[in-house]
Amino acid sequence: MDITSRATTVFCVLVSFFLVSSAQTCINDTFTSNRVFDSCNDLPYLQAHLHWNYNQSTGEVEIAYRAHQISEGWIAWAINPTETGMIGSQALVAFRDANGSMTAYPTSITSYNPSMLPVNLSFQVSNISAEYSANVMTIFAVIGPLDNGTIANHVWQAGSSISDNIPQIHSTSTANLQSLGTLDFLSG
Ligand SMILES: *[C@@H]1O[C@H](CO)[C@@H](O)[C@H](O)[C@H]1NC(C)=O
Ligand SMILES: *[C@@H]1O[C@H](CO)[C@@H](O)[C@H](O)[C@H]1NC(C)=O
Ligand SMILES: *[C@@H]1O[C@H](CO)[C@@H](O)[C@H](O)[C@H]1NC(C)=O
Ligand SMILES: *[C@@H]1O[C@H](CO)[C@@H](O)[C@H](O)[C@H]1NC(C)=O
Ligand SMILES: *[C@@H]1O[C@H](CO)[C@@H](O)[C@H](O)[C@H]1NC(C)=O
Ligand SMILES: *[C@@H]1O[C@H](CO)[C@@H](O)[C@H](O)[C@H]1NC(C)=O
């Protein structure tokens, strides 16, 4: 590698570092009830962010999943303990009721046409709640410990309608199909 290309490499690394760090928009997010989260990720699709605190002694993760959404829509964030993608994922879902209050509960995605009804997940979930403000929905919960330690396959989703208190099918746009990834609660 000659000096010019080495300089170019350093420059590119610096540029990409700068782009990555300046693109981290979640770090200044604030929360109600004096909640503070140590870690966050800007998720690449659906205008979504995951914030969390990992408790090393209990293995519990306190999360806040926040995404842009219209008031008639729903949001969901899930861990898939057995594979990648939607099927088998253990989800937290939230939407706004007609009276303006938020509903949030865990549900298991067992097929491409899941019931979306509340069920217990394969891991412990507590303290689940949700908020809506100015086209942003946030789900709060404490999950875990998880079977696979701190590394998890996660999936997130959003849909634009609710019927009889059941979140309805989401779109199959590229963003809705690519909204999955791997997460390390320890390193971010
Ligand atoms: C976060 O807040 C700090 C301190 O106010 C500021 O310097 C920084 O630009 C903000 N970052 C983003 C992504 O808004
Ligand atoms: C982890 O959980 C334990 C038991 O609930 C608690 O005492 C401790 O303060 C927690 N640690 C952090 C960093 O929150
Ligand atoms: C469990 O973690 C390992 C890495 O430690 C990873 O390779 C594997 O895919 C994970 N399994 C699941 C089901 O998340
Ligand atoms: C709002 O509607 C939901 C669902 O019908 C109900 O469970 C909840 O109790 C209602 N909340 C208020 C404040 O009326
Ligand atoms: C979840 O588990 C708890 C305690 O094991 C039980 O009381 C509750 O009915 C279960 N909920 C559902 C929806 O199965
Ligand atoms: C969960 O909720 C209980 C009761 O409201 C509260 O005492 C506890 O501190 C909460 N745990 C976390 C990790 O937020």
Side-chain angles (χ1 to χ4, degrees), residues 13-76 79 91-107 114-121 123-152 156 158-169 181 183-188:
V13 168
L14 286 175
V15 165
S16 62
F17 176 76
F18 183 74
L19 287 177
V20 166
S21 52
S22 68
Q24 179 90 347
T25 62
C26 57
I27 52 171
N28 289 346
D29 279 6
T30 56
F31 298 90
T32 54
S33 307
N34 298 320
R35 288 182 176 98
V36 175
F37 295 90
D38 296 334
S39 309
C40 75
N41 269 358
D42 292 328
L43 303 179
Y45 300 100
L46 306 176
Q47 298 183 71
H49 312 271
L50 185 70
H51 299 255
W52 73 90
N53 293 317
Y54 176 64
N55 187 322
Q56 224 158 335
S57 65
T58 61
E60 287 179 330
V61 196
E62 181 185 7
I63 66 113
Y65 171 74
R66 175 169 275 185
H68 274 260
Q69 184 54 287
I70 54 172
S71 60
E72 302 80 15
W74 56 267
I75 63 168
I79 282 181
L92 309 177
V93 62
F95 55 86
R96 196 164 171 263
D97 296 312
N99 59 24
S101 63
M102 292 295 288
T103 291
Y105 58 83
T107 186
S115 75
M116 298 304 282
L117 294 172
V119 295
N120 286 324
L121 302 189
F123 47 81
Q124 204 177 304
V125 178
S126 63
N127 296 48
I128 184 166
S129 65
E131 291 175 0
Y132 173 81
S133 174
N135 285 334
V136 174
M137 287 185 184
T138 309
I139 302 175
F140 298 100
V142 177
I143 62 167
L146 302 170
D147 285 343
N148 208 29
T150 66
I151 297 175
W156 60 101
S160 57
S161 68
I162 309 292
S163 177
D164 291 333
N165 283 324
I166 303 291
Q168 300 297 296
I169 191 165
L183 194 67
D184 188 344
F185 288 116
L186 207 49
S187 66

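Hydrogens, waters and symmetry mates play no part in the numbers below; they use all other heavy atoms, side chains included. Quick caveat: nothing in here was measured; it's all calculated off a predicted structure. Each ligand, and each atom within it, is numbered from 1 in the order the structure gives.
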| task | For Ile70, look at atom CD1 and say whether over 12 heavy atoms of other residues, nucleotides or ligands are found less than 6.0 Å away. | result |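 Enclosed: over 12 neighbouring heavy atoms sit under 6.0 Å from CD1 of Ile70.
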
| query | Right, does atom 7 (O) of ligand 4 have protein non-hydrogen atoms nearer than 4.0 Å? | reply |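 No, there is none.
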
| task | Could you tell me whether atom 3 (C) of ligand 2 has a protein heavy atom closer than 4.0 Å? | result |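 Protein heavy atoms within 4.0 Å of atom 3 (C) of ligand 2 - there is at least one.
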
So [Y] and [X], do their side chains get closer than 4.5 Å, heavy atoms only?
X     : Y     : value
Trp52 : Asn41 : yes
Leu43 : Tyr45 : no
His49 : Cys40 : no

| atom 9 (O) of ligand 2: the protein heavy-atom neighbour that sits closest, reported with distance to 0.1 Å |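 Here the nearest protein heavy atom works out to Asn55 ND2, 4.8 Å.
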
| message | Quick test: of every protein heavy atom, which one is nearest to atom 5 (O) of ligand 2, and how far off is it to 0.1 Å? | response |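 Of every protein heavy atom, Thr58 CG2, 4.2 Å lies nearest to atom 5 (O) of ligand 2.
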
| query | Of all the atoms in ligand 2, which lie at a distance below 4.0 Å from a heavy atom belonging to Ser57? | reply |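 Counting from 1, the qualifying ligand atoms are 1 (C).
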
| request: Test Tyr54 against Leu186 for side chain to side chain contact (heavy atoms under 4.5 Å, CB included), laying out the working first. | output: CA-CA 7 Å; Tyr54 176 64; Leu186 207 49; 3.6 Å; yes

| task | Within a distance under 4.0 Å of any heavy atom of Asn28, pick out the atoms of ligand 1 and give their elements. | result |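 The list of qualifying atoms is 1 (C), 2 (O), 3 (C), 8 (C), 10 (C), 11 (N), 12 (C), 14 (O).
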
| message | Pairing donors with acceptors under 3.5 angstrom, does anything connect the side chains of His51 and Asp29? | response |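 There is such a pair (donor and acceptor under 3.5 Å, judged by atom type) between the side chains of His51 and Asp29.
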
| query | When you measure from atom 13 (C) of ligand 4 to each heavy atom in Asn165, Asp97, Asn99, which option holds the nearest one? | reply |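 Among Asn165, Asp97, Asn99, the closest heavy atom to atom 13 (C) of ligand 4 comes from Asn99.
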
